[in-house]
Amino acid sequence: MTQRGVTIWFTGLSGAGKTTISHAVGEKLRSQRRNIEILDGDIVRQNLTKGLGFSKEDRDENIRRIGFVSHLLTRNGVIVLVSAISPYRQIREEVRQKIGDFVEIYVNAPLAVCEERDVKGLYKRARAGEIKSFTGIDDPYEPPLNPEVECRTDLEELSESIGKVFAKLEELKYLSDTLAV
Ligand code: ADP
């Protein structure tokens, strides 16, 4: 069985639900015996992009490197799930152009909801001034203008978000396997 590679890119504020949705989608794909890889922003920053900070320059470099690895995997037939805030539109577009097989998922919940969830306690620290340049607080987030999928995680159940991602992958023919000849 040959598999078509694709990068599924989850972008959104911290706490919007990128990790939750991408992991759930990844598990479902894995249970279908598909080759997947997960590139989670938090983990990537501990190794591949260790040492980079949160200036625009460093954030763009972080995304460029994630995009580079995603490209290598995608062209070898892997389904790559990236979850990274990736706040800047231009670099997301750059990565999209480079990879080609690229599906953008805008994981969207209002800042107030993300802050209320405060999964990692980071919003509290940002509000207290302990963390500077925190996306949504004192650093920008540029929402996608034309994402393939938008998941409104304050309004929909996780299962609905997962369903939307799968429906789009089906529609774009990323899940229709062909037999190797
Ligand atoms: P991010 O990776 O974007 O920082 P996380 O996935 O770590 O966000 O956290 C999102 C939080 O929101 C989790 O606690 C999750 O259980 C919750 N949540 C509530 N509804 C949804 C939904 N529909 N989709 C994804 N996450 C949701």
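In this text, all values refer to a predicted model and were calculated from it rather than measured experimentally. Just follow the structure's listing: the first ligand is 1, and inside any ligand the first atom is 1. No hydrogens, no waters, no symmetry mates; every other heavy atom, side chains included, goes into these values.
For the pair Arg45 and Phe54, the cation-pi test (distance below 6.0 Å, angle within 45°) is passed.
Enumerated by chain and number, the residues approaching ligand 1 to less than 4.0 Å through a heavy atom are Leu13, Ser14, Gly15, Ala16, Gly17, Lys18, Thr19, Thr20, Ile21, Arg117, Val119, Lys120, Thr153, Glu156, Glu157, Leu158, Ser161.
More than 12 heavy atoms of other residues, nucleotides or ligands shown are found within 6.0 angstrom of CD on Glu142. Around atom NZ of Lys98, no more than 12 heavy atoms belonging to other residues, nucleotides or ligands sit under 6.0 Å away.
Ser14 and Arg117 are not linked by any side-chain donor-acceptor pair at a separation below 3.5 angstrom, with hydrogens and angles left out of the test.
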N/O donor to acceptor pairs below 3.5 angstrom from side-chain atoms of residues 80-90, sequence neighbours left out:
{"unit_1": "Ser83", "atom_1": "OG", "unit_2": "Asp40", "atom_2": "OD2", "d": "3.1"}
{"unit_1": "Ser86", "atom_1": "OG", "unit_2": "Trp9", "atom_2": "NE1", "d": "2.9"}
{"unit_1": "Ser86", "atom_1": "OG", "unit_2": "Thr11", "atom_2": "OG1", "d": "3.4"}
{"unit_1": "Ser86", "atom_1": "OG", "unit_2": "Ala84", "atom_2": "O", "d": "2.7"}
{"unit_1": "Arg89", "atom_1": "NE", "unit_2": "Pro143", "atom_2": "O", "d": "3.0"}
{"unit_1": "Arg89", "atom_1": "NH2", "unit_2": "Pro143", "atom_2": "O", "d": "2.8"}

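Taking the side chain as every heavy atom from C-beta outward, Arg152 and Glu150 approach each other to under 4.5 Å.
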